[in-house]
Amino acid sequence: MGKITLKHVNKSFGDVAVIPDINLTIENGEFVVFVGPSGCGKSTLLRLIAGLEDVSAGRIEIDGTDATHLPPAKRGLAMVFQSYALYPHMSVRKNIAFPLKMAGMSEAEQEKKVQNAARILNLTNYLDRRPGQLSGGQRQRVAIGRAIVREPAAFLFDEPLSNLDAALRVSMRQEITELHQSLKTTMIYVTHDQVEAMTMADKIVVLNAGNIEQVGSPLELYHHPANVFVAGFIGSPKMNLIGGAEAAKHNAATIGVRPEHIDIGEGGPWTGTVGLSEHLGSDTFLKVEVDNIGTLNVRASGEVTLRHGDRITLAPQAGRLHRFGADGKALA
Amino acid sequence: MARATSPRRKALTTLAAWSVALVIFFPVLWMILTSFKTEPSAVAMPPQLFTADWTLENYAEVWQRSDYPRFFWNSVVLSLGSTLLGLAVAIPAAWAMAFVPGKKTKDLLMWMLSTKMMPAVAVMIPLYLVFLKLGLIDTRIGLVLALMLMNLPIIVWMLYTYFKEIPAEILEAARMDGAGLFKEIVYVLTPMALPGIASTLLLNVILAWNEAFWTIILTTTKAAPLSAFIASFSAPQGLFYAKLSAASTMAIAPILILGWFSQKQLVRGLTFGAVK
Amino acid sequence: MSTQSSRLAARVMVAPSVLLLFIWMVVPLAMTLYYSFRLYRLISPDRTGWVGFTNYLWFINAPEFWLAMGNTLALVGGVLAITVTLGILIALLIDQPVKGQGVLRILVIAPFFVMPPVAASILENLFMHPQNGLFAAVSMSFGAQPILFLQDYPMWSVIAIVSWEWLPFATLILLTSLQSLSSEQLEAAEMDGASALNRFRFIILPHMMRAITVVILIQTIFLLGIFGEIFTTTQGGPGSASTTLPYMIFKQAIAAKDIGRAAAGGIIAVILANIVAYFLMRGIGRHLDT
């Protein structure tokens, strides 16, 4: 079981409130991603749940019992760190067995669990190596192995893929997702990369300056961002945000339209000049300098034969326009 | 320095560097050579680098006359004992300062170092009296304590700089894995910092071995180490050069050998991590 | 990594070190302070009492006091100047591509492992001795009179002995620092047209400043208390020519058996050390922050 509830959790370092007030429930078995720009408090929040930092006020419950003042080891959670935090002086086997040894488990039982974890993670042939002799992806798997053997109530991941190269990141992303599907254990995953958040999460928690901006499934956030911050943060390339007179026409302080929701063709309301264009084959990204509005990013399917300086008209797709009020919140 | 240099230049710099190194090393070399001479050839004019009548007699005589093994054993006990005790006190302190730093940590480290600036002579009398009152004069335990306290600031500093290079995440991982503070230090921190702890140990053994003020003030015979032993040899007039050299060689040989084996780690340790 | 429990643990773990050092420093210091205001002579133990600043006044007005102060500073300053200057030069030399660099380092570091009484008595007897010393032999082979080192140049002799002991330390730390300088930086400077001298002045020397500060700090700590080398060689003489502050205190305590005056001298030495420490700590504290 792994239901985690945060009630009015607050964390300050000195006079600085890193997390002013957070309420959040993470259901058993969910894959929850905390995402936000650096310094938004997502790692601090994870460390509060782990027990590596004290809350300044509020309550943390794990499976209904108060864990606010329990030391990390007593919370039944396992953590995978950004640097993997493997013990360099121990073999892979000893690394994975370390939490079991600390729990006082018998050697035979330890070995059985280590073998099992190694099989799941394809580490069987590496058990006698030191972490220094492994590749980045293998180290990552050892760190995960050390977490699984404990059979924790929940896994905590702190930006675990940020030290890997792009190709490895994609495959590890998939491995972790598959692991979640087979273990069905609660996972809390911190990242600044919204692509990781979108592809892995059951539920995304968008954080900004220590506050939760929005909680929801990836597609909810994509289709119905609750405010300008989420609108700009989720989705790649970024949503175009337009203010001023153009927004006023729609009775909003700001309007937003995603690059993929702008059509090129005759009869659109916006006219502009093509600037930079990036041809990816499957898609073409255009920067268009639109009269009276500014630069818009446009994503067109396939190959588009427009060149620098061409004049085009653009039309936002019907119903794909997001309207935000002066306070940044979405308007119905 | 991956650049190719002309062989001529290399030969010249090699010659210059070796000359300088030999000049610096020469007193040690001369002492060792003299220790194998007879007393007359030790003071022969003009001096001879090598003599025909080399002998081990000086060593034999120093050995018989002075109870060298006892001084040697005292040196071993005092330097090793004070360093191990110092490590036991300093490892927890360095852990705290490296991994749970506060606003005052830097001041505390500076204060510790500043205690070493107090001239030993200035507090010689009171300390002697305290030791006398406690019955610690000329006891190994008393000297171990004094040497430990003398080197404690350096031990804490060195360990602190080594510990700071260990990522805090690894200790946090141990904590998540269920290790308590004691296990965290024993199973994770200490093995990871072993090279640093070893070089701290070496340097402080050397400093304690070579300490020649407190060992002379606070001992008479029973607990006197080699530094006190050599002081008793230090006023010979002319005729005892070979024996003086033999005794000196015997006093410094163990540490010279130990030091040569570990010089790389020593240099790093001594800079308190300030020079990489 | 700071929860309340870990902060509490940290305090508990630091406590023994702090407490021990505090006792080690404060108890003797307090006793020294107490004696410095007392009449306390081992020759006449019955006559005791408070004497105010008499001991201090005697100490400061003693004919050799300012000489001893000057000698102390000359010893610290002289050894620092010699070891840092020679250390830089030797480090630059050894850092060149030379054969057998490993063995060279071993030869150069050797004096550091020689205990002070051995260093002093070997250099005094085997080298500086006016009849049997090696230097005397060299002088005589040129037909000159042997130099009476300890007689005529006592302070310089002490400075030379101490410098020999500390030169390896300075050299090796400066060498370590030199070797961490990226050769690309030097090559860039060369491309920019900097001469060898300018490369040293504008690239190498600034890079070594941190190491130089460390050398100065650590050596000063040890140099302020230098005692054994003087005790073994000149015994502060001839007259008071090589008496330093620590040695003057020692003479009061051991030869004159006047504990009160020695204690007053001790307090003065502590004040001097604190003044020096204050300036040094400010210097190194800044360097260690970065």
Side-chain angles (χ1 to χ4, degrees), chain B residues 1 5 10 13-14 16-17 20-21 24-25 27-28 30-31 34 43 45-47 89-90 92-93 95-96 99-100 110 112 114-123 125-127 149 152 156 168 172 181 210 212-213 227 230-231 234 238 248 251-252 255-256 259-260 263 267 271 274-276, chain C residues 1-2 6-7 9-10 13-14 16-17 20-21 24-25 28 31-32 90 93-94 96-99 104 106-110 113-118 121-123 126 132 134 137 172-173 176-177 180 183 210-211 214 221 224-225 227-228 232 246 249-250 253 259 266 269-270 273 277 281 288:
Chain B
M1 286 292 150
T5 23
K10 185 164 178 173
T13 48
T14 300
V20 170
I24 293 174
F25 182 69
V28 177
W30 187 244
M31 171 191 79
T34 306
V43 293
M45 280 289 160
V89 176
W95 170 88
F99 297 113
V100 196
M110 283 299 173
M112 286 191 171
S114 76
T115 64
K116 275 208 70 75
M117 287 215 172
M118 193 161 63
V121 174
V123 292
I125 303 277
L127 218 75
L149 286 162
L152 191 59
V156 172
E172 291 179 346
L181 196 51
N210 287 346
F213 182 74
S227 51
I230 208 67
S234 59
S248 298
I252 68 164
I255 235 57
L256 198 60
W260 277 343
Q263 49 124 345
V267 173
T271 63
V275 180
K276 293 277 152 67
Chain C
M1 156 128 187
S2 49
S6 69
R7 276 193 298 275
M13 309 264 264
V14 177
S17 294
L20 282 170
L21 279 175
W24 172 248
M25 189 164 96
M31 287 172 74
T32 306
I90 297 171
L93 183 62
I94 298 184
Q96 304 292 313
V98 294
K99 276 203 177 117
L104 272 181
I106 281 179
L107 292 184
V108 169
I109 201 175
F113 301 132
V114 178
M115 57 176 72
V118 168
S121 74
I122 290 296
L123 287 176
L126 267 54
N132 306 314
L134 208 57
L172 285 193
I173 285 183
T176 308
S177 153
S180 72
S183 56
R210 194 183 167 89
V214 171
I221 290 174
L224 276 173
F227 169 81
T232 310
I249 298 165
F250 174 80
I259 307 304
V270 169
M281 292 298 171
L288 290 177

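Reminder, nothing fancy here: chain letters follow the sequence lines and each chain counts from 1.
- Each of B:V156, B:V20, B:I252, B:L149 has some count of heavy-atom pairs under 4.5 Å with chain C, and the biggest count is that of B:L149.
- Interface remark: of the candidates B:G259, B:P27, B:A16, B:P27 forms the most heavy-atom pairs closer than 4.5 Å to chain C.
- Remark: the backbone N or O of C:V118 is not paired with any side-chain donor or acceptor of B:S248 at under 3.5 angstrom.
- Between C:A253 and B:I125 the shortest heavy-atom distance is CB-CD1, 3.6 Å.
- In this structure, B:S227 and C:M115 approach most closely via the heavy-atom pair CA-SD, 3.5 Å.
- C:I94 contributes atom CD1, which lies 11.5 Å from atom OG1 of B:T13 (distance to the nearest 0.5 angstrom).
- Closest of all the heavy-atom pairs between B:A21 and C:V108 is CB-CG2, 3.8 Å.
- Of the two parts of C:L21, the backbone and the side chain both hold a non-hydrogen atom closer than 4.5 Å to a non-hydrogen atom of chain B.
- The minimum heavy-atom distance linking C:S6 with B:W95 is given by the pair O-CH2, 4.4 Å.
- Only the side chain of C:F227 comes within contact range of chain B, with heavy atoms under 4.5 Å apart.
- Contact annotation for C:I259: only side-chain heavy atoms (C-beta onward) come within less than 4.5 Å of a heavy atom of chain B.
- The structure places OG1 of C:T232 at 10.0 Å from CD1 of B:I230, a figure rounded to the nearest 0.5 Å.
- For the residue pair B:V121 and C:F250, the shortest heavy atom distance occurs at CG1-N, 3.8 Å.
- A pairwise comparison of heavy atoms in C:V14 and B:A96 identifies CG2-CB, 3.4 Å as the closest pair.
- With contacts defined as side-chain heavy-atom distances shorter than 4.5 Å, the pair B:I24/C:I90 qualifies.
- No side-chain heavy atom of B:V100 sits under 4.5 Å from any side-chain heavy atom of C:M13.
- Taking the side chain as every heavy atom from C-beta outward, C:W24 and B:L127 approach each other to under 4.5 Å.
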